[in-house]
Asker: 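Pasting a structure below so you can have a look.
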Amino acid sequence: MPRCAHSCCCFLVHLGWNDYPILLIHHRWHRQLACYNSGNKQYSCRWKNRIPTRTFSCLATDVSSKDKITPRSEDYSAWYLQVIQAAQLADSSAVKGCLVIRPHGYAIWELIRDHLDRLIKDTGAQNAYFPLFIPQSFLSKEAEHVEGFAKECAVVTHHRLRLSAKSTLEPDPEAALEEPLIVRPTSETLIWNMFQKWISSYRDLPLCINQWANVVRWELRTRPFLRTTEFLWQEGHTAHATAKEAMMKAKEMLNVYTRLCEELLAIPVIRGWKSPSERFAGAEDTFTIEAMMQNGWALQSGTSHFLGQKFAKAFQVYYTDQSSKEQLVWSTSWGASTRLLGALIMTHSDDIGLVLPPKVAPIQVVIIPIYKSQEDKEQVSSMSHHVLEQLKGAQIRVQLDDRDYIRPGSKYFEWERKGVPLRIEIGPRDVLNRAVTVASRVGNKRKYALPVNESLTSDIQQQLEDMQRFLFEQAKERLESRTFRNVSFDEMKERLHDHQKQGFFLVPWKCNAIHEERIKAETKATLRCYPFDMQHLAKNEKCFYSGEPATHMAIFARAY
């Protein structure tokens, strides 16, 4: 059972006359109530005012040994789930496979969303919104597209319920829809139906639309943020006069996602294009950024697709060119989702809990006042508020934790688990010295003092910048050290069966979908991409699997 933050605290516990298992626990100091299900265990007790009582430790504040996070080296999957819970990022919902994103997690997503939205608008795209429901006939207009999503679609068939004879709710047979509606898995078909109305002349091009929305893909096996039935994302859709313009746009947006990951999230990525087997349904080319998690697995962190003219043909989207000839438009689509929160967790966090790069931390600095007497409290509080306002004035995201019912040590533990980059402690001695004590979440964790003067904000900003750089360099070093080159298929297979030796395998490869599927069956590794800047290495090389002349340099890895 957890201990109370106040070492002297005790409780009056009402066991009830029949030792009922739900115990009402009264806090002696703050008169707070808590409940604890004790099971049917019998307790020895003493009596006070004819009420059976027993003293327990407080349930309300600290985390017990049972709540410690499993080390990454022991169970990476358990560690990931426990970090999410400990940092209060998300919780499970009443709908299987759907996630409740808690305020701390959603605040991180808002920072990602706002930053990416600015980058997208800088490319000339405009935001719009399209309906959640898509007519089933729309999805079937593009054959590859429907094949890629058919097994994941949620379908609406009725618009009303009724009470059955057994007083249970059921679809009203008289309310069947004329055409079933698909709950949006992606919006290409709906958006291209609108593009057909909006595009008539070369003057209407390029048309670049972005949408922030939720989508539903019915997943059988889910994992928070990485793969859920419903998730949040942005999806961009563009129409162009030429194939060259569309291809340039697809690559431009991949660069936008690269900037987002590396500059905001401190996650280094490899840019490349997908093999035909891994392309987006209906795309002629899919470009991707692949990030390496701490266990050596890959996570696709953003994709951009050159769709050619397939959707234009399916929805008859023509434009009149400058010579008055009708031409089909060329198209792209691109997107990034809340799986970036999963990437953030698995790239930087440790066995204590969440680690956040300062640029994406909702709270960059937390101030914790420390005092014992009322006189100390007044002085410490005054200086804490002064520092708070000073940092706010410099646009630093800062919070003062002045909760007086939790000990400082418990606060340290809580904010560390939530990934706050810097902690400032202010006690009576700091007030006398006109200084604050600073502790960093990562790197050298030794505490150090900073004077409270006009340079305090610049000192704190420098610490945050150094931490952002440190986290990126640390992740980049991991990516480089665990990218294995010049390995045979047998060597890759052996490494992939050892959790400590997994990573990215850069190998010469002859594009072959059958061989790709065999490798996946044998090793559970997939072809992540053909890296843009490494294709020259394939010249005169033999495929590491078939021994035939290589067509590409490919990266294979286990992936989420």
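We count residues from 1, following the sequence as given. It should be emphasised that the depicted structure is a prediction, and the values quoted were computed from it without experimental measurement. Reckoned from all heavy atoms, side chains included, excluding hydrogens, waters and symmetry mates.
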Asker: Mind running side chain to side chain donor-acceptor pair (under 3.5 Å) on His515 and Glu517 for me, showing each step along the way?
Answerer: CA-CA 5 Å; His515 291 173; Glu517 190 59 35; over 6 Å; no

Asker: Tyr76 side chain to Met346 main-chain N or O, any donor-acceptor pair under 3.5 Å?
Answerer: yes

Asker: What is the distance from atom CG of Leu344 to atom SG of Cys261, rounded to the nearest 0.5 Å?
Answerer: 9.5 Å

Asker: When rounded to the nearest 0.5 angstrom, what is the spacing between OH in Tyr545 and CG in Asn512?
Answerer: 9.0 Å

Asker: For Gln364, which of Arg397, Gln395, Met467, Lys359 qualifies under side chain to side chain contact (heavy atoms under 4.5 Å, CB included)?
Answerer: Arg397

Asker: Taking the side chain from Thr551 and the backbone from Cys511, do they hold a donor-acceptor pair closer than 3.5 Å?
Answerer: yes

Asker: Does the ring pair (Phe, Tyr, Trp, His ring centres under 6.0 Å) test come out yes or no for Trp273 and Phe287, once each step is laid out?
Answerer: CA-CA 4 Å; Trp273 71 94; Phe287 306 112; 7.4 Å; no

Asker: On a heavy-atom basis, which atom in Ala343 and which in Leu299 lie closest, and how many Å separate them?
Answerer: CB-CD2, 3.3 Å

Asker: Check whether any side-chain N or O of Gln300 sits under 3.5 Å from a backbone N or O of Ile289 as a donor-acceptor pair, and report yes or no.
Answerer: no

Asker: Would you say the side chain of Phe311 lies within less than 4.5 Å of the side chain of Val317, judging by non-hydrogen atoms?
Answerer: no

Asker: Decide salt bridge (Lys or Arg N to Asp or Glu O under 4.0 Å) for Arg423 and Glu416; before the verdict, give the C-alpha distance in whole Å, the side-chain angles of both, and the deciding distance to 0.1 Å.
Answerer: CA-CA 9 Å; Arg423 181 177 75 242; Glu416 283 181 350; 3.4 Å; yes

Asker: Between Leu354 and Arg417, is any pair of side-chain heavy atoms under 4.5 Å apart?
Answerer: no

Asker: Please work out whether the ring planes of Phe195 and Trp198 are parallel, tilted or perpendicular, with thresholds of 30° and 60°.
Answerer: tilted

Asker: Look at Glu284 together with Lys310 and state whether they make a salt bridge at an N to O cut-off of under 4.0 Å.
Answerer: no

Asker: Do Tyr80 side-chain atoms and Ile345 backbone N/O form a donor-acceptor pair below 3.5 Å?
Answerer: no

Asker: Taking the side chain as every heavy atom from C-beta outward, state whether Arg482 and Phe504 have any atom pair closer than 4.5 Å.
Answerer: no

Asker: Hey, mind stepping through Gln462 and Asp466 against side chain to side chain donor-acceptor pair (under 3.5 Å) and telling me if it holds?
Answerer: CA-CA 6 Å; Gln462 186 62 54; Asp466 291 346; 2.9 Å; yes

Asker: Could you go step by step and tell me if Ile363 and Val365 meet the side-chain contact (heavy atoms from CB on, under 4.5 Å) rule?
Answerer: CA-CA 6 Å; Ile363 302 171; Val365 179; 5.8 Å; no

Asker: Main chain of Arg72, side chain of Asp351: is a donor-acceptor contact present, judged purely on distance under 3.5 Å?
Answerer: yes

Asker: Indicate yes or no: does Asp350 engage Arg441 in a salt bridge with an N to O separation below 4.0 Å.
Answerer: yes

Asker: Anything under 30° is parallel, anything over 60° is perpendicular, the rest tilted; go ahead and classify Phe544 against Phe489.
Answerer: perpendicular

Asker: Pick one: which of Arg558, Arg271, Lys274 meets salt bridge (Lys or Arg N to Asp or Glu O under 4.0 Å) with Glu290?
Answerer: Lys274

Asker: I need the minimum non-hydrogen distance between Ala475 and Ala266, along with the two atoms involved.
Answerer: CB-O, 4.0 Å

Asker: Using side chain to side chain contact (heavy atoms under 4.5 Å, CB included) as the criterion, point out the one residue from Phe280, Phe306, Trp334 that pairs with Thr286.
Answerer: Phe280

Asker: Do Glu491 side-chain atoms and Ser488 backbone N/O form a donor-acceptor pair below 3.5 Å?
Answerer: yes

Asker: Please say whether the positively charged group of Arg495, taken as NZ for Lys or CZ for Arg, lies over the ring of Phe484, i.e. under 6.0 angstrom from the six-membered ring centre and within 45 degrees of the axis.
Answerer: yes

Asker: Do the side chains of Asp122 and Arg118 get close enough for a salt bridge, i.e. N-O under 4.0 angstrom?
Answerer: no

Asker: Just by modelled atom types, is the Arg339 backbone N or O under 3.5 Å from a matching donor or acceptor in the Ser337 side chain?
Answerer: yes

Asker: Does Ser137 offer a backbone N or O that forms a donor-acceptor pair with the side chain of Ser140 under 3.5 Å?
Answerer: yes

Asker: Are Glu230 and Val95 packed together at the side-chain level, in the sense that at least one heavy-atom pair is separated by less than 4.5 angstrom?
Answerer: no

Asker: Quick one: do His240 and Thr238 satisfy side chain to side chain donor-acceptor pair (under 3.5 Å)? Show the steps, please.
Answerer: CA-CA 7 Å; His240 303 268; Thr238 69; 2.8 Å; yes

Asker: With a 4.5 Å heavy-atom cut-off, do Asp117 and Asn210 have their side chains touching?
Answerer: yes

Asker: Is the closest basic N to carboxylate O distance between Lys418 and Glu414 below 4.0 Å?
Answerer: yes

Asker: For Leu479, is there any backbone N or O sitting under 3.5 Å from a side-chain donor or acceptor partner on Thr483?
Answerer: yes

Asker: Check whether any side-chain N or O of Gln82 sits under 3.5 Å from a backbone N or O of Thr70 as a donor-acceptor pair, and report yes or no.
Answerer: yes

Asker: Under a 4.0 Å N-O cut-off, is there an ion pair linking Asp490 with Lys493?
Answerer: no

Asker: As a quick check of understanding, evaluate ring pair (Phe, Tyr, Trp, His ring centres under 6.0 Å) for Phe556 and Phe505, giving each step before the final call.
Answerer: CA-CA 5 Å; Phe556 282 85; Phe505 298 86; 8.8 Å; no

Asker: Closest approach of Val215 and Pro185, non-hydrogen atoms and distance?
Answerer: CB-O, 3.8 Å

Asker: Indicate the atoms forming the closest heavy-atom contact of Ile69 with Ala86, along with that distance.
Answerer: CD1-CB, 3.9 Å

Asker: Could you go through the side-chain contact (heavy atoms from CB on, under 4.5 Å) check for Leu341 and Leu89 one step at a time?
Answerer: CA-CA 9 Å; Leu341 274 77; Leu89 298 179; 5.9 Å; no

